[in-house]
Amino acid sequence: MAIVVQKYGGTSVASTERILRAARRVAWKRSQGYDVVVVVSAMGDTTDSLIALAEAINGDAHPSPREMDMLMATGEQVSAALMAMALQRLGVPAVSLTGFQAGFFTDDTHRAARILDVKPDRVRKELEAGRVVVVTGFQGIDAAGDLTTLGRGGSDLTAIALAAALDAEACQIYTDVDGIYTADPRIVPNARRLEEISYEELLEMSSSGAQVMQLRSVEFARQYGVEFEVLSSLSPLPDEGGTEEKKTKVVARVNPQFQRVVTGVAVNSKVARITLLEVPDRPGIAAKLFSAFARNKIVIDDIVQSGGPGATQADISLTVAKDDLDVSLDICREVMQEWPGTQLVYDVDVAKVSIVGSGVASNYGVAATMFTALAERGINIEMITGSEISISCLVRASRAAEAVQAIHEKFGLGDGDQPVAIGTRGGEDAKAGQK
Ligand code: ASP
Ligand code: MG
């Protein structure tokens, strides 16, 4: 029988009622003739509460990463056991398995372990015995036999990796929204649900601030070609008279019928900008600065260096996560000691607004349309960066929502909107990556 992996996130199993409701959805899927494997997150904010307990015990000291994993892995065990019981109560044979029992072997990087291998023999055996298999998300076991966790939001990764290992027919990620939208519907009321989005676009949307799924799991899905669906567990059940479930499919290649130049608009308010002014303009300077960031394991969001032709000095601006700002400033101050005259400024009242779409690089007028939308509202652009499939503008944090609305409207991305006409010059120009 065809296997379907369904993952239910924290909000989908936040209470016993929700667990029972999710169980009915699982039962329905099974009644359609599928072997169902369920991956669950911890109930609601359980993982945060567990971390708070550890902080209360440890004070300022860093808790042992091994013990943190031991602690955090309990959250998923609670929901997995309860989900199995809920299924049994509905008359569906079910069994819960830990990450270890389900065959998740990882390295020993506690709190952010990498999956080395998935050997789901036990899962297969249980399916063959006619049971629904409920697997704890977010956890595995290392070579020493210690529990590990896969990083926050790691249940997504469990589901995707299991779907790959079982060669599942479908992988369904149930959350509290019924898909990926052209923009955050709380900011843009007429944002439209996307029928399909590519891995690349979703990665770009997520790293640009639209948090739907754990980034690592989308990367894993792309690498292994696991297509999946994002759906809402709060939507009507199919056996409650609900029609076909609304969803967004995350795919390798978007069906041309759904393709647009710009797929969505994302905003990231969690960035800070650092600028080094009047840095010496000679080989090795950027290498030195960014090697220092690398040694400190700081992820850089965007980098811009400017300086006219023939200049002896340059300005380097970069954005980092606000949480990394203090460490980042220390790194800059340290490196700058050798560059007299260089000044350091930073700003936390900024937000990054991005357009994402696989057609961004191959169509002309995309950047012009975005910048015009901002100009019409008098919103100043403080830094511009771009990639093959995105253009980002740093704006005042206080204007970020308005910027998203203006851009969304200008491109005509919403429900009932007329998409703006943007040109492609075809073949050669498309390859040249015109913006
Ligand atoms: N419970 C874990 C977390 O909150 C894993 C997950 O929800 O995916 O990060
Ligand atoms: Mg979660």
Side-chain angles (χ1 to χ4, degrees), residues 5-16 18-19 21-22 26 37-55 63 65-84 96-102 104 106-107 109-115 118 133-142 146-164 171-177 180 202-203 206-207 210-221 226 228-234 250 270 321 323:
V5 175
Q6 295 191 328
K7 180 252 171 176
Y8 290 91
T11 46
S12 304
V13 294
S15 61
T16 47
R18 291 248 175 110
I19 293 176
R21 189 174 168 79
V26 174
V37 177
V38 182
V39 173
V40 285
S41 285
M43 295 172 70
D45 296 331
T46 301
T47 310
D48 290 331
S49 311
L50 293 170
I51 292 171
L53 286 178
E55 280 167 358
R66 181 193 182 278
E67 302 310 329
M68 279 308 288
D69 277 354
M70 190 73 176
L71 177 68
M72 289 194 292
T74 61
E76 273 68 13
Q77 250 165 269
V78 171
S79 41
L82 293 176
M83 177 64 83
S96 65
L97 299 178
T98 64
F100 166 54
Q101 291 171 314
F104 276 79
T106 73
D107 68 8
T109 316
H110 287 288
R111 306 190 71 166
R114 263 169 46 99
I115 296 173
V118 183
V133 185
V134 185
V135 177
T136 53
F138 178 54
Q139 59 173 254
I141 195 157
D142 68 12
D146 285 331
L147 282 176
T148 55
T149 61
L150 308 177
R152 295 305 306 269
S155 299
D156 289 336
L157 187 55
T158 305
I160 303 275
L162 210 43
C171 180
Q172 303 185 300
I173 307 287
Y174 281 95
T175 174
D176 52 359
V177 290
I180 320 278
L202 180 56
L203 280 170
S206 311
S207 63
Q211 263 310 339
V212 184
M213 278 193 59
Q214 191 207 34
L215 266 184
R216 275 176 89 186
S217 49
V218 183
E219 266 158 20
F220 190 99
V226 182
F228 59 92
E229 302 170 350
V230 177
L231 322 86
S232 170
S233 68
L234 309 177
V250 183
K270 294 186 182 150
D323 289 345

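Each ligand, and each atom within it, is numbered from 1 in the order the structure gives.
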For Arg66, enumerate each residue passing the salt bridge (Lys or Arg N to Asp or Glu O under 4.0 Å) test, keeping only those at least two apart in sequence or located in another chain. Asp146
Have Asp142 and Thr148 got a donor and an acceptor in their side chains that come within less than 3.5 Å? no
Would you check if there is a donor-acceptor pair between the side chains of Thr74 and Gln77 at a distance under 3.5 Å?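 On atom types as modelled, these side chains do not qualify, holding no pair under 3.5 Å.
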Contact between [X] and ligand 1, counting heavy atoms under 4.0 Å?
{"X": "Gly153", "result": "yes"}
{"X": "Gly75", "result": "no"}
{"X": "Met72", "result": "no"}

Please identify which atoms of ligand 1 are closer than 4.0 Å to at least one heavy atom of Ser41.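 Near Ser41, the atoms of ligand 1 are 6 (C), 7 (O), 8 (O).
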By number and element, which atoms of ligand 1 are closer than 4.0 Å to a non-hydrogen atom of Arg152? 3 (C), 4 (O), 9 (O)
Between Val226 and Ala164, the two heavy atoms sitting closest are CG2-CB, 3.7 Å
Residues which pass ring pair (Phe, Tyr, Trp, His ring centres under 6.0 Å) with Phe104, listed by chain and number, not counting sequence neighbours: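 Checked Phe104 against ring pair (Phe, Tyr, Trp, His ring centres under 6.0 Å); zero matches.
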Min N/O separation Glu76 to ligand 1 under 3.5 Å: yes
